[in-house]
A.B. asks: 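Have a look at this one.
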There are 2 protein chains.
Amino acid sequence: MSLPYVILGLLQQRQRTGYDLKTECFDDCIAHLWQADQAQIYRTLDRLEAQGWVSCTVEIQHDRPNRKIYRITEAGDTELRQWLQSHQIPPIVREPLLVQLYFAAQIPNPAIIQLLEQELTVRQKKLAECEAVVIPAAENSTERQQQLHHLVLDLVTRREKTYVNWLQDAIATLQSQSQS
Amino acid sequence: MSLPYVILGLLQQRQRTGYDLKTECFDDCIAHLWQADQAQIYRTLDRLEAQGWVSCTVEIQHDRPNRKIYRITEAGDTELRQWLQSHQIPPIVREPLLVQLYFAAQIPNPAIIQLLEQELTVRQKKLAECEAVVIPAAENSTERQQQLHHLVLDLVTRREKTYVNWLQDAIATLQSQSQS
DNA sequence: TGCTATTATATGACTAGTCATACATGAGAC
DNA sequence: GTCTCATGTATGACTAGTCATATAATAGCA
């Protein structure tokens, strides 16, 4: 599981609350990389604290609910550094659309094409989002860090491009067959 | 969840046992598309039977354990046909390697490069596997079916190619930086 | 004799992730 | 006056998927 390490990485940048993590990170910059549910974030923070990889102080607020501010510990830092260099098993991708296409022989061509076009719209939007991302030259971010972020964004973008191209080709193939 | 529909699709081709599904399908042709655990296959078959989408007869064997032979019902066929035409939400891909790269700024370059090269080996092997797949012109498979299978395989292959290319580029980028 | 493999089904225990909802406070809208 | 939104944290119930292990018969190997 990588989520604990995503959180450790984010807490290494600076201290944050669970709410910060959700709204500043997982809804934003990291979203293309690792999506996470609010419930899961809080539960993972609990686990990280129990393991001694993060520590927590409560900030009492009177106009708003109190905040639990988390920061990475030395043990957490060591753990993160080790994880960052250890081999992780690649994810298994399960694509429902491919299953549909695989078994679609009895389905009329226009219905299949419609499915693919629906997906194309979604993917084109995602691709546009990827291409719109500007990696900020934040005060504390080094050139090296920006380069790494570019590499990450590059794969995400290429992935979407590949998908879009394939969808366009697949639609063209099926359309040419419809007409013949 | 698509697994029930993968199984329906496979049972539509011909009747099978849980064991058949695992050994002939999920370990083989479908593996690039949808991986499934043996436990999950059996439990899904139970659910499909309870829903009336498949039926089952027991074949008594004396030299070996009895087999439960499953076939798709008319209700199952209708259900499958509908599912095949309904929009499925695209999967969320979570790539641990990208998380590592994103937070790798403090990690020495050679360590990062090693990670990427490890992944490159894995992905090149996968790509070779994809390219080695020959879609059989089985007796009962139509030209249309083969075309669809080609489209599916095409995306899987393109996906791996994209990954391999990106890894090579990323490694080159990091290496050039190491030397400067 | 004991070890492993193949064929076949089944179950318990677990992890990762999702969805809904609860609680609490203050601010602004209608 | 009520309704919703933003800020915060927390929990219960669920789904999908994984891992290990049980059962049971036969066959082959050392």
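These figures come from a predicted structure and were not determined experimentally. Just so we're on the same page: letters track the sequence lines, and every chain starts at 1. The figures that follow rest on heavy atoms only: side chains count, while hydrogens, waters and symmetry mates do not.
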A.B. asks: Could you list by number each residue of residues 79-90 of chain B showing a heavy-atom separation from DNA chain D of less than 4.0 Å, or answer none if no residue does?
C.D. replies: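 Residues of residues 79-90 of chain B that come under 4.0 Å of DNA chain D do not exist, since none gets that close.
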A.B. asks: Atom OH of A:Tyr19 to atom P of D:dT7: distance rounded to whole Å?
C.D. replies: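 About 4 Å, once rounded to whole Å.
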A.B. asks: Under a plain distance cut-off of 3.5 Å, with no hydrogens placed, do B:Thr57 and B:Glu59 share a side-chain donor-acceptor pair?
C.D. replies: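 No pair is found: no donor N or O on one side chain lies under 3.5 Å from an acceptor on the other.
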A.B. asks: Would the distance check show the side chain of B:Asn109 and the main-chain N or O of B:Leu174 forming a donor-acceptor pair, the cut-off being under 3.5 Å?
C.D. replies: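 Yes; judged by distance alone, with no hydrogens or angles, the pair exists.
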A.B. asks: Does one side chain, of B:Tyr5 or B:Glu79, offer a donor that lies under 3.5 Å from an acceptor on the other?
C.D. replies: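 On atom types as modelled, these side chains qualify, holding a pair under 3.5 Å.
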A.B. asks: About how many Å separate OG1 of A:Thr121 and CG of A:Leu116, when rounded to the nearest 0.5 Å?
C.D. replies: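 Between A:Leu116 CG and A:Thr121 OG1, I get 11.0 Å after rounding to 0.5 Å.
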A.B. asks: I'd like to know if the side chain of A:Glu95 reaches the main chain of B:Pro91, judged simply by a donor and an acceptor atom lying under 3.5 Å from each other, with no hydrogens or angles considered.
C.D. replies: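 It does not hold such a pair.
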A.B. asks: Which of these passes salt bridge (charged side-chain N to carboxylate O under 4.0 Å, His left out) with A:Asp20: A:Lys68, A:Arg71, A:Arg67?
C.D. replies: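 Going through the options one by one, the only one that passes is A:Arg67.
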A.B. asks: Within residues 30-52 of chain B, which residues have any heavy atom lying less than 4.0 Å from an atom of DNA chain D?
C.D. replies: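 Under 4.0 Å from DNA chain D: B:Trp34, B:Asp37, B:Ala39, B:Gln40, B:Arg43, B:Arg47.
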A.B. asks: For B:Glu143, is the CD atom crowded, meaning more than 12 foreign heavy atoms sit under 6.0 Å from it?
C.D. replies: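 At most 12 heavy atoms, drawn from other residues, nucleotides or ligands, come within 6.0 Å of this atom.
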A.B. asks: Look only at the side chain of B:Arg16 and the backbone of B:Leu10, and say whether a donor-acceptor pair between them is shorter than 3.5 Å.
C.D. replies: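 It does hold such a pair.
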A.B. asks: Answer yes or no: is there a donor N or O on one side and an acceptor on the other, between the side chain of A:Thr162 and the main chain of B:Arg158, under 3.5 Å?
C.D. replies: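 Not at all, since once roles are kept as given, no pair shorter than 3.5 Å links the two residues.
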A.B. asks: To the nearest 0.5 Å, how far apart are NE2 in A:His149 and CZ in B:Phe103?
C.D. replies: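 With rounding to 0.5 Å, NE2 (A:His149) is 7.0 Å from CZ (B:Phe103).
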A.B. asks: If you walk 5' to 3' along DNA chain C, what is the first nucleotide with an atom under 4.0 Å of a heavy atom in chain B, and what is the last?
C.D. replies: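 Contacts span C:dT7 to C:dT18, reading 5' to 3'.
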A.B. asks: Could you give the angle between the helix axes at the two ends of the helix from C:dT1-D:dA30 to C:dC30-D:dG1, with five pairs per end, rounded to 10 degrees?
C.D. replies: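 Both end axes considered, the difference amounts to 0°.
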A.B. asks: Counting distance only, does the side-chain N/O of B:Trp83 pair as donor-acceptor with the main-chain N or O of B:Ser2 below 3.5 Å?
C.D. replies: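 No, B:Trp83 side chain to B:Ser2 backbone: no donor-acceptor pair under 3.5 Å.
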A.B. asks: Which other residues belong to the hydrophobic cluster containing A:Val133, where Ile, Leu, Val, Met, Phe, Trp and Tyr are joined when side-chain heavy atoms lie under 4.5 Å apart, directly or via other members?
C.D. replies: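 Noted: A:Val133 shares its cluster with A:Ile135, A:Leu153.
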A.B. asks: So, OP1 or OP2 of D:dT9: does either fall under 4.0 Å of a side-chain N or O from A:Lys22?
C.D. replies: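 Looking at the OP1 and OP2 atoms of D:dT9, neither is under 4.0 Å from any side-chain N or O of A:Lys22.
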A.B. asks: Side chains of residues 36-43 of chain B: which donor-acceptor pairs under 3.5 Å do they make with residues two or more places apart or in other chains?
C.D. replies:
unit_1  : atom_1 : unit_2  : atom_2 : d
B:Asp37 : OD2    : B:Ala39 : N      : 3.0
B:Tyr42 : OH     : B:Tyr19 : N      : 3.3

